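Predicted model, so just to flag it, every value in this text is computed and none were measured.
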Amino acid sequence: LFSLDLSHNEIGPSCASALATVLLRSELKEINLEWNKLQNVGAVTLIREGLPVTTVKRIFLGWNGLGDEAAEALGKVLAGSSTLEELDIS
């Protein structure tokens with residue numbers, strides 16, 4: 001599995017840790033979680049615990065109610081990524 005599209009599924013903060021566990025064990029190249037309800041809390045959990053930074057090329061997290069905390073977490077985690085080509089957090 002190289003692409004995961006869970007957009008428009010009303011995934012909220014309470015699901016973030018379980019989803020992070022699955023993502024961490026993957027070699028995903030594309031993750032689409034747009035139009036969910038992660039908010040800052042869920043996004044930060046997901047970013048810190050499960051983002052496969054060594055393989056992911058595209059991350060779509062737009063329309064999740066993200067703010068400064070999530071953006072800062074993304075910046076820290078992705079700073080060392082050499083694979084990321086596209087990031088959408090609109």
Side-chain angles (χ1 to χ4, degrees):
L1 182 65
F2 293 106
S3 179
L4 180 66
D5 186 344
L6 292 174
S7 60
H8 299 272
N9 277 289
E10 297 190 23
I11 296 170
S14 62
C15 299
S17 189
L19 183 57
T21 300
V22 172
L23 293 179
L24 191 57
R25 296 178 184 164
S26 74
E27 293 184 13
L28 288 172
K29 297 193 184 310
E30 183 172 306
I31 301 168
N32 186 348
L33 293 169
E34 291 181 314
W35 290 94
N36 281 294
K37 297 179 179 180
L38 287 171
Q39 302 173 2
N40 269 326
V41 174
V44 169
T45 299
L46 186 67
I47 292 161
R48 289 183 182 159
E49 295 179 13
L51 209 56
V53 295
T54 59
T55 60
V56 70
K57 291 183 177 189
R58 291 174 205 70
I59 303 170
F60 304 101
L61 291 172
W63 301 98
N64 273 289
L66 307 185
D68 293 342
E69 188 179 357
E72 184 178 331
L74 271 170
K76 287 180 181 177
V77 169
L78 295 173
S81 174
S82 61
T83 58
L84 187 67
E85 296 173 358
E86 186 175 359
L87 173 65
D88 181 355
I89 56 170
S90 57

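Looking at every heavy atom in both residues, Pro13 comes nearest to Lys37 through CD-O, 3.2 Å. Nearest heavy atoms, Glu27 versus Phe2: O-CD2, 3.5 Å. For Trp35 against Asn64, the heavy-atom pair with the smallest separation is N-ND2, 4.1 Å.
Remark: side-chain polar atoms of Asn40 are paired, donor with acceptor, to backbone N or O of Gly67 under 3.5 angstrom. Judged by distance alone, with hydrogens and angles left aside, the side-chain atoms of Asn36 form a donor-acceptor pair with the main-chain N or O of Asn9 at under 3.5 Å.
Going from atom CD of Gln39 over to atom OG1 of Thr45 covers 11.5 Å, rounded to the nearest 0.5 Å. Here Ser7 contributes atom OG and Glu34 contributes atom CD; the two are 6.5 Å apart, rounded to the nearest 0.5 Å.
Among residue pairs with one or both ends in residues 60-77, those qualifying as salt bridge (Lys or Arg N to Asp or Glu O under 4.0 Å) are Glu72-Lys76; sequence neighbours excluded.
Within a 6.0 Å radius of NZ in Lys57, no more than 12 heavy atoms belonging to other residues, nucleotides or ligands are found.
Under a 4.5 Å side-chain heavy-atom criterion applied to ILVMFWY residues, the cluster that includes Leu4 comprises Leu1, Leu6, Ile11, Leu19, Leu23, Leu28, Ile31, Leu33, Leu38, Leu46, Ile47, Leu51, Val53, Val56, Ile59, Leu61, Leu66, Leu74, Val77, Leu78, Leu84, Leu87, Ile89 as well.
With contacts defined as side-chain heavy-atom distances shorter than 4.5 Å, the pair Arg58/Glu85 qualifies.
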